[in-house]
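Working notes, structure below.
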Amino acid sequence: MSIRTRFAPSPTGYLHVGGARTALFNWLFARQQGGSFVLRIEDTDKERNTDEARLAIFEGMSWLGMDWDEGPDKGGEFGPYYQSERNEIYNRYFEQLVRADRVYEEDGAWRFRFERKTVTMHDLVCGEVTIDYRDESNTPDMVVKRSDGSYVFHFVNVVDDLEMKISHVIRGEDHLMNTPKHLQLIEAFGCSAPAYAHIPLILNADGSKMSKRDEGAAVGDYQKQGYLPAAVTNFLALLGWNPKTEDEVFSVSELIERFSLEQVNRAPARFDIEKCQWMNQQHLAKLGDEEFAAAARPLVEAAGLALGDQFERIAAAVKAKVRLLSEVPAAIDFILTDTFDLDEEALEKVNNNADIAPILDGLADQFDAITDWSADAAKQALNEFAEAKQTKPGKLMFPLRVALSGRGHGPDLGDILTLLGKQRCLKRLRSFVSKLKST
RNA sequence: GACCCGUUCGUCUAGCGGUCUAGGACUCCGCCCUUUCACGGCGGCAACACGGGUUCGAGUCCCGUACGGGUCGCCA
């Protein structure tokens with residue numbers, strides 16, 4: 001029996017992180033088991049479907065690195081993979097229900113007649129769950145075909161999973177109560193059911209249900225804010241699943257290797273953006289300089305900054321210092337351009353030392369005397385100067401940092417000195433001194 | 001309301017009857033490293049929802065209560 005999983009979103013909005021995580025669990029499981037991962041678009045709600053939403057699904061999936069073996073634009077043995085194109089198949093299955101007298105008409109719609117008995121499912125995550133269908137008030141016969149002739153979700157979803165030979169249905173817990181309905185339908189078709197695994201939902205930080213519109217709900221936003229797909233994947237995987245080790249930072253292939261449905265939790269998890277950012281920082285730090293520069297480039301360009309020919313080195317100087325790639329432009333703008341803001345707080349800190357202006361002025365002279373500029377040469381000059389002034393070099397480094405970069409945080413001072421070069425350092429130092437005097 | 005599922009630090013979680021004076025991670029705080037900024041290292045604060053059982057022994061099993069989530073559509 002081959003392992004086949006699927007992700008079956010409906011194109012009615014952007015790709016939601018909850019949906020992405022469902023897709024991820026299916027994808028990880030399929031990849032680990034050497035099975036197939038199918039993408040099926042459930043576009044039966046003509047009113048709400050949009051092309052934009054359909055594209056957002058493809059883009060989100062691709063960005064996160066979840067490739068599908070069968071699906072739209074890819075084809076496969078069990079297509080078509082848009083439900084809107086599968087009507088003949090549904091008609092066939094519906095006829096079967098008619099012949100077996102399992103459906104009846106009501107107001108033009110067709111209802112499926114449940115068997116009035118208890119239905120037990122064996123969920124891979126939730127365990128054994130029994131629902132009593134003898135209680136008719138709680139489980140009214142469900143509509144499978146609308147009065148306009150179209151089929152509803154429960155029907156098409158079940159038919160497609162059967163037709164596409166899906167072996168494991170991994171979906172959100174919001175479908176748990178639907179499963180006995182699906183089981184009854186499958187039984188009526190005389191087929192055997194796939195295995196089910198219902199994974200807990202993702203909640204907002206305050207514990208409320210996470211839905212569209214909520215902060216951090218759209219996968220596309222993570223891309224815009226400069227998250228690495230591998231970091232988001234890693235974070236999402238750890239929400240409701242644990243790898244049984246104390247490590248938390250995993251590459252995608254490590255996740256595939258370790259994933260297991262048995263280790264999926266049953267309680268819903270809250271979405272903690274702080275930890276997600278930390279995770280991103282961890283993944284960012286593991287990148288090579290070249291990779292990091294390539295990942296940061298589009299965001300720096302989008303900020304309207306000219307890259308210059310030293311971009312890779314400049315970007316590398318802040319690699320271990322940012323949590324999000326979107327922080328990169330503001331972290332290096334003072335190197336790429338000469339017009340940048342002076343941080344008031346940092347300036348105030350420097351001004352706390354009333355005697356600093358003449359000292360920095362003297363340091364500028366010292367720098368000016370350097371013929372062969374380098375970070376080491378500049379630091380040596382700084383040391384000698386500090387000694388002459390009977391102060392510690394460390395005392396001068398923060399003011400120098402602020403003078404050169406306009407802020408208190410940033411790349412290593414040595415990197416700043418090198419990347420800026422002698423002339424720009426001198427100019428900034430002098431102009432900063434004049435600002436100090438005038439304050 | 002009915003029916004399901006759940007409940008360990010603020011958050012993500014380890015724990016599957018004794019090894020738990022409950023472990024790890026994020027956040028926060030302190031120290032160290034760093035002549036600067038970070039990274040990093042070390043340490044600290046902080047949890048078994050509550051009440052009954054079962055048991056020699058319960059965070060771990062059972063039952064209630066409370067709380068949270070889900071589902072009750074001709075949406076998916």
Side-chain angles (χ1 to χ4, degrees), chain A residues 8-13 19 42-45 47-49 83 106-111 121 123 125-127 129-132 135 137-140 142-154 156-157 171-181 198 200-203 205-209 235 238-249 263 265-279 281-282 285 317-322 331 346 379 382-383 386 391-402 404-405 407-417:
Chain A
S10 57
T12 56
E42 306 216 331
D43 54 347
T44 54
D45 187 350
E47 304 288 301
R48 298 198 299 152
N49 291 168
Q83 287 187 328
E106 184 186 275
D107 299 326
W110 291 82
R111 284 186 186 274
M121 51 187 152
D123 191 275
V125 173
C126 300
V129 180
T130 300
I131 304 296
D132 193 351
D135 177 8
S137 65
N138 206 35
T139 56
M142 68 173 168
V143 169
V144 289
K145 189 176 189 178
R146 300 186 189 93
S147 50
D148 69 358
S150 63
Y151 297 99
V152 306
F153 160 77
H154 296 108
V156 295
N157 185 269
R171 55 179 18 168
E173 197 200 282
D174 49 339
H175 285 295
L176 187 62
M177 289 298 97
N178 290 154
T179 306
K181 298 178 183 174
H198 287 89
L201 268 17
I202 298 179
L203 270 28
D206 65 0
S208 62
K209 184 187 177 183
F235 179 73
L238 256 31
L239 232 43
W241 169 77
N242 88 84
K244 294 286 181 194
T245 65
E246 299 207 327
D247 298 330
E248 293 190 308
V249 182
Q263 284 155 31
N265 284 152
R266 274 169 276 179
R270 299 182 189 207
F271 192 91
D272 182 6
I273 196 71
E274 294 270 358
K275 187 150 185 181
C276 188
Q277 290 179 358
W278 170 81
M279 187 63 84
Q281 185 175 34
Q282 297 298 310
V318 295
K319 189 176 78 174
K321 296 168 188 286
V322 295
K379 281 185 178 179
L382 178 84
N383 285 340
T391 181
K392 284 182 181 171
K395 295 255 182 208
L396 299 180
M397 294 186 92
F398 185 79
L400 181 57
R401 166 184 293 283
V402 177
L404 298 181
S405 70
R407 59 264 233 166
H409 304 274
D412 183 87
L413 190 55
D415 287 334
I416 295 177
L417 256 10

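Atoms considered below: every heavy atom in the structure, side chains included; atoms not considered: hydrogens, waters and symmetry mates. We name chains A, B, ... by the order of the sequence lines, and we start the count at 1 in each one.
Look at the P atom in both rC20(B) and rC56(B): the space between them is 23 Å, to the nearest Å. Taking the P atoms as reference points, rG44(B) lies 9 Å from rG24(B), given to the whole Å. On the P atoms, rU71(B) is 35 Å away from rG52(B), given to the nearest whole Å. Using atom P as the reference point in both rU7(B) and rU60(B), the two lie 11 Å apart (nearest Å). Taking atom C1' on both rU19(B) and rC32(B), the two are 33 Å apart, rounded to the nearest angstrom. On the C1' atoms, rG68(B) is 15 Å away from rC50(B), given to the nearest whole Å. Nucleotides rC9(B) and rC5(B), compared at atom C1', are 24 Å apart to the nearest Å. As rounded to the nearest Å, rA49(B) and rG10(B) have P atoms that lie 12 Å from one another.
Partners of Phe398(A) under the ring-ring contact (aromatic ring centres under 6.0 Å, His included) rule, at least two apart in sequence or in another chain, do not exist in this structure.
Side-chain atoms of Met177(A) lie closest to rU71(B) of the nucleotides rG69(B), rU71(B), rC12(B). Between rA76(B), rU13(B), rU11(B), one nucleotide has an atom nearer to the side chain of Asn242(A) than all others, and that is rU13(B). Closest to the Lys244(A) side chain, of the nucleotides rC5(B), rG15(B), rC3(B), is rG15(B). Considering only the side chain of Asp412(A), rC37(B) comes nearest among rC37(B), rA76(B), rG69(B). Residue Ala267(A) has its side chain nearest to rU7(B) when only rU13(B), rU7(B), rU35(B) are considered. Side chain of Glu246(A), nearest nucleotide from rG23(B), rG69(B), rA2(B): rG23(B). Which of rG15(B), rC74(B), rG6(B) sits closest to the side chain of Asp107(A) comes down to rC74(B).
With a cut-off of 3.5 Å on both pairing distances, rC45(B) has no Watson-Crick or G-U wobble partner at all. The partner of rA2(B) is rU71(B), judged by Watson-Crick or G-U wobble contacts that both fall below 3.5 Å. Within the shown strands, nothing qualifies as a pairing partner of rA14(B) under the Watson-Crick or G-U definition with both distances less than 3.5 Å. For rG64(B), the paired nucleotide is rC50(B), the pair qualifying as Watson-Crick or G-U wobble because both relevant distances are below 3.5 Å.
Formation of a donor-acceptor pair under 3.5 Å by the Asp107(A) side chain with backbone atoms of Ala109(A) is not found in this model.
Between the base of rU71(B) and the side chain of Asn178(A) there is no donor-acceptor pair shorter than 3.5 Å.
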(message) Within the 4.0 Å limit for protein heavy atoms, which parts of nucleotides 26-32 of chain B are touched? Write it as a string from 5' to 3', B for base, S for sugar-phosphate only, - for none.
(response) SS-----
